[in-house]
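Presented below is the structure to which this report refers.
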Amino acid sequence: MSQKNDKDLYVPERARIVETKEMTDLEKYFRIKLLDREALGHAPGQFVMVTVYGVGEVPISVSSPPNGRSGEFELVVRKAGNVTQALHNLGTESLVGIRGPFGTNFTSKGFERKDILFIAGGIGLVPLRSFIKQVVNENKKYRKITILYGAKSPDELLFKEEMDQWGKKENVEVKITVDKGDPSWKGNVGVITTLIPPLEIDIQNTLVAVVGPPVMYKFVILSLASKKVANKNIYLSLERRMKCGVGKCGNCQIQGSYACQDGPVYCFADIEHLKEAL
Amino acid sequence: MHKISSEKFHKVLEQIIKDNETYGAVKKRDEYIYDRLETLSDLEIENYVPTVLPPKKYFYPQEEDLVQIDYKTKKANRVIFKKEIVLLGVRPCDINAISLFDRIMSDGNPDPNYLERRKHITVIGFDCVKSCWEHALCEAVGTINVKEGYDLFFSEYKKEYVIKTGSKKGEELFDRYIKNSHKLSEKERDDYHHERAERIKKFNHKVKYLFQDVSSIFEKHYDDPYWKEIGKICLMCGSCVMVCPTCYCFTMDEEVDLKLQTVTRKRKWDGCMLRDFAMVAGNHNFRPTAEMRLKHRWNRKFNYLLKKYHMSNCVGCGRCGFACLVKINPIDILNTIMGNYYSGVKHESEK
Ligand SMILES: Cc1cc2nc3c(=O)[nH]c(=O)nc-3n(C[C@H](O)[C@H](O)[C@H](O)COP(=O)(O)OP(=O)(O)OC[C@H]3O[C@@H](n4cnc5c(N)ncnc54)[C@H](O)[C@@H]3O)c2cc1C
Ligand code: SF4
Ligand code: SF4
Ligand code: FES
């Protein structure tokens with residue numbers, strides 16, 4: 001699943017931006033096509049290293065599900081600093097560099113005809129969306145699909161229309177909450193963990209996939225634990241600083257584990273004893 | 001195994017320096033540094049003390065070009081670096097560090113830039129006949145012996161020099177420069193090994209505990225109080241990382257030339273003791289304190305990477321202990337943590 005040719009370990013492939021969309025004040029959507037290769041060949045939860053030529057390279061999760069439009073994939077980028085700002089300045093037809101896909105992925109294998117619970121906090125929806133779409137597109141294969149999504153405020157919610165579409169499917173339930181509402185907001189108010197206690201979870205038969213900012217995990221894990229969800233059924237994606245994406249630079253290390261290779265998607269049972277992880 | 005006379009040894013080295021771009025330990029004021037050798041007299045043989053920077057700077061420079069990208073077409077190519085050089089007089093600790101680098105860089109996703117550069121570097125090692133300085137712990141961590149990472153290796157033996165070849169390249173060098181030599185008889189060989197073991201017995205031996213259990217002890221004592229103690233004095237300056245022959249963490253940067261023709265992707269040394277190393281967007285730092293960073297750095301040396309590569313990732317040169325302004329050093333770290341383990345001192349998570 002890693003590099004197509006290790007001779008090019010640090011060499012970015014060319015890709016063209018074919019569509020962009022401003023999503024919020026901070027987040028911008030990009031649809032991207034590789035120039036010299038058919039398809040990216042990623043799995044949900046994997047990431048690519050994106051080069052803004054002359055500025056630098058950053059890890060960004062692939063937000064579209066596998067087998068999207070041939071050779072195309074989607075990214076959503078939050079303005080966080082130097083490179084991400086430069087990426088925001090690019091429009092359609094611009095070229096960017098791509099390395100990857102890298103890292104481990106989410107999989108629903110073994111959970112056919114069972115339940116899947118997605119928990120996304122803030123920009124965590126972006127990486128999780130790839131997996132959500134894969135599952136929701138084949139919703140008939142599963143029993144119950146629940147999507148919990150929390151953001152700071154209503155204007156920071158991403159992919160609202162898609163969420164509505166997903167929620168219309170018969171076995172899919174979408175629950176959204178914001179930390180702080182505004183006058184027009186009619187939905188739930190409160191942090192994402194407030195959505196967990198009311199859930200009916202069939203703990204033997206539910207796969208839980210969680211992505212969010214570092215502070216969210218501890219609280220979500222505690223809520224899930226009080227529901228007695230087994231750690232082996234919880235998967236999460238950990239963010240770390242990443243420079244190489246290929247297990248060399250050391251930036252992403254969590255004790256002896258490399259988040260770019262052994263992660264970013266981890267089974268919670270594998271890391272619960274790993275100090276530094278959460 | 002062969003041996004040559006001291007006189008021949010010096011002649012051979014002189015010839016190697018004459019024929020090749022050769023680098024070795026040179027005395028500059030009261031320090032030693034790796035530098036270009038013009039003649040054999042430049043090279044410090046007898047009184048070697050670890051150089052300020054290890055020879056790592058030749059195969060893993062502080063800053064190196066990895067990729068060049070045409071700014072117009074964005075076509076990118078790996079930078080291929082192939083300059084033939086010889087490193088002369090590399091000591092066992094640094095040879096082990098090179099061997100470790102070779103393993104790390106060829107493991108998993110092999111690093112093509114490193115491996116290409118490395119192919120063109122010849123390593124000629126010298127054995128240590130006495131402990132170089134009080135900071136060293138090579139005999140404790142097992143790096144006074146060399147198995148890989150060198151082409152030729154010279155070891156003093158009864159005023160003569162025993163020669164080992166460590167690679168095909170080493171055999172070619174042997175044929176080219178040494179030719180006539182005396183092949184050691186079995187008896188001589190045993191005697192050499194015996195004598196060498198005897199002289200190692202006279203090394204520092206400041207580490208008080210057996211090294212073989214170190215990684216499980218470091219794991220069990222992950223929250224040892226000593227980390228907090230040295231965390232209080234550490235300046236987070238990163239000097240320990242910069243002088244270390246086995247530290248290899250890096251960052252990448254991009255530079256554009258003034259004519260806007262080429263973008264160069266560069267690799268630069270980075271280090272886990274430095275401020276931004278574990279920082280992600282939103283200013284969240286996964287290792288904000290010196291305590292956490294020290295714990296991480298030393299667990300890499302004696303636990304995480306030791307387990308992964310089956311050898312100590314501290315090769316015992318002592319450079320970090322010497323460079324550290326507050327004298328944090330591996331000898332004290334090993335003695336304290338292992339000592340606390342054996343004497344049953346409780347650590348955080350047990351309390
Ligand atoms: C596996 C993975 C997937 C990610 N997916 C997405 C995504 O889908 N969308 C998105 O918007 N962001 C994503 N990020 C975060 C994104 O990589 C960082 O926001 C980006 O690297 C910041 O770079 P910058 O040059 O813009 O900021 P800088 O100017 O470098 O710094 C701004 C802040 O970002 C931190 N930072 C710098 N480099 C990195 C790095 N390599 N990794 C993490 N933090 C860093 C800095 O410490 C600082 O706090 C992901 C990160 C990881 C590790
Ligand atoms: S251990 Fe010493 S050399 Fe290393 S960062 Fe701390 S003060 Fe600096
Ligand atoms: S950790 Fe210190 S003593 Fe060990 S190899 Fe590195 S610089 Fe030398
Ligand atoms: S990002 Fe470089 S080792 Fe993981």
Side-chain angles (χ1 to χ4, degrees), chain A residues 2-3 5-16 35-36 49 51-59 78-81 83-84 94-97 99 102 122-123 213-215 238-261 275-277, chain B residues 66-71 73-79 104-105 107-114 116 219 222-223 247-256 260 262-265 267 270-272 276-287 292 295-296 299-300 303-308 349:
Chain A
S2 59
Q3 202 71 23
N5 172 2
D6 56 47
K7 288 250 172 325
D8 298 333
L9 203 57
Y10 304 114
V11 178
E13 294 178 72
R14 296 180 299 170
R16 174 170 284 120
L35 242 55
D36 307 312
M49 297 297 298
T51 301
V52 180
Y53 293 106
V55 183
E57 196 181 38
V58 286
R78 171 177 287 187
K79 230 187 275 180
V83 181
T84 46
S94 301
L95 295 184
V96 291
R99 290 193 299 126
F102 296 130
I123 195 172
V215 290
L238 298 186
E239 182 180 348
R240 285 297 182 277
R241 194 187 183 86
M242 294 183 183
K243 288 297 170 190
C244 71
V246 292
K248 289 282 179 270
C249 74
N251 280 258
C252 69
Q253 236 183 317
I254 307 170
Q255 291 209 14
S257 176
Y258 290 80
C260 69
Q261 301 277 292
K275 300 213 173 115
E276 287 197 344
Chain B
L66 291 180
V67 180
Q68 282 201 324
I69 303 164
D70 183 285
Y71 196 71
T73 64
K74 311 293 195 253
K75 282 208 170 120
N77 287 298
R78 175 162 57 97
V79 174
I104 290 167
M105 291 298 158
D107 179 48
N109 297 301
D111 188 298
N113 297 74
Y114 171 87
E116 180 69 44
E219 197 159 304
Y222 186 78
D223 289 318
C247 276
Y248 63 90
C249 290
F250 65 86
T251 183
M252 292 199 279
D253 262 341
E254 251 156 69
E255 277 167 27
V256 193
L260 275 184
T262 319
V263 180
T264 306
R265 170 163 295 175
R267 156 155 60 204
D270 202 345
C272 59
D276 289 345
F277 190 73
M279 183 98 105
V280 298
N283 275 329
H284 185 88
N285 197 326
F286 287 96
R287 281 184 225 105
M292 295 172 91
K295 197 185 270 189
H296 183 70
N299 267 288
R300 263 173 76 96
N303 179 11
Y304 313 144
L305 297 182
L306 184 153
K307 274 194 254 162
K308 193 163 175 189
S349 51

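We use all heavy atoms of the structure for the numbers below, so side chains are in, but hydrogens, waters and symmetry mates are not. Bear in mind the structure is a predicted one, so any value in this text is a computation, not a measurement. Just so we're on the same page: letters track the sequence lines, and every chain starts at 1.
Neither the backbone nor the side chain of B/Asp253 has a heavy atom closer than 4.5 Å to any heavy atom of chain A. Heavy-atom distances place no part of A/Val96 under 4.5 Å from chain B, backbone and side chain included. Residue contact with chain A, scored on non-hydrogen atoms closer than 4.5 Å, is absent for B/Leu260. Proximity to chain B (any heavy atom under 4.5 Å) is shown, for A/Pro12, by both the backbone and the side chain. Of the two parts of A/Cys252, neither the backbone nor the side chain holds a non-hydrogen atom closer than 4.5 Å to a non-hydrogen atom of chain B. Only the backbone of B/Asn77 comes within contact range of chain A, judged by heavy atoms closer than 4.5 Å. Both the backbone and the side chain of B/Phe250 come within less than 4.5 Å of a heavy atom of chain A. Within the 4.5 angstrom heavy-atom criterion, atoms from both the backbone and the side chain of A/Arg240 approach chain B.
Between A/Arg99 and A/Asp8, none of the side-chain N atoms (NZ, or NE/NH1/NH2) sits under 4.0 Å from a carboxylate O, so this pair counts as no salt bridge. The pair A/Lys243-B/Asp270 does not meet the salt-bridge criterion, since no charged nitrogen lies less than 4.0 angstrom from a carboxylate oxygen.
Looking at B/Lys308, its side chain never comes within 3.5 Å of a backbone N or O of B/Ile104 through a donor-acceptor pair. Remark: the backbone N or O of A/Lys275 is paired with a side-chain donor or acceptor of A/Gln255 at under 3.5 angstrom. Between the side chain of A/Asn251 and the backbone N or O of A/Arg241, no donor-acceptor pair lies under 3.5 Å. With hydrogens and angles disregarded, a donor-acceptor distance shorter than 3.5 Å links the side chain of A/Gln261 to the backbone of A/Gly245.
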Which is it for A/Leu35 and A/Arg16 under the side-chain contact (heavy atoms from CB on, under 4.5 Å) test, yes or no, and what are the steps along the way? CA-CA 7 Å; A/Leu35 242 55; A/Arg16 174 170 284 120; 3.6 Å; yes
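Among B/Glu116, B/Lys295, B/Lys75, B/Arg267, the residue making the largest number of heavy-atom pairs under 4.5 Å with chain A is B/Lys75. Interface check for chain B: of the options A/Gly250, A/Cys249, A/Gly256, the most heavy-atom pairs under 4.5 Å are formed by A/Cys249. Of the listed residues B/Leu305, B/Asn299, B/Asn303, B/Ile69, the one with more heavy-atom pairs under 4.5 angstrom with chain A than any other is B/Ile69.
For the pair B/Lys307 and B/Tyr304, the NZ or CZ position fails the cation-pi test of under 6.0 Å to the six-membered ring centre and within 45 degrees of the ring normal.
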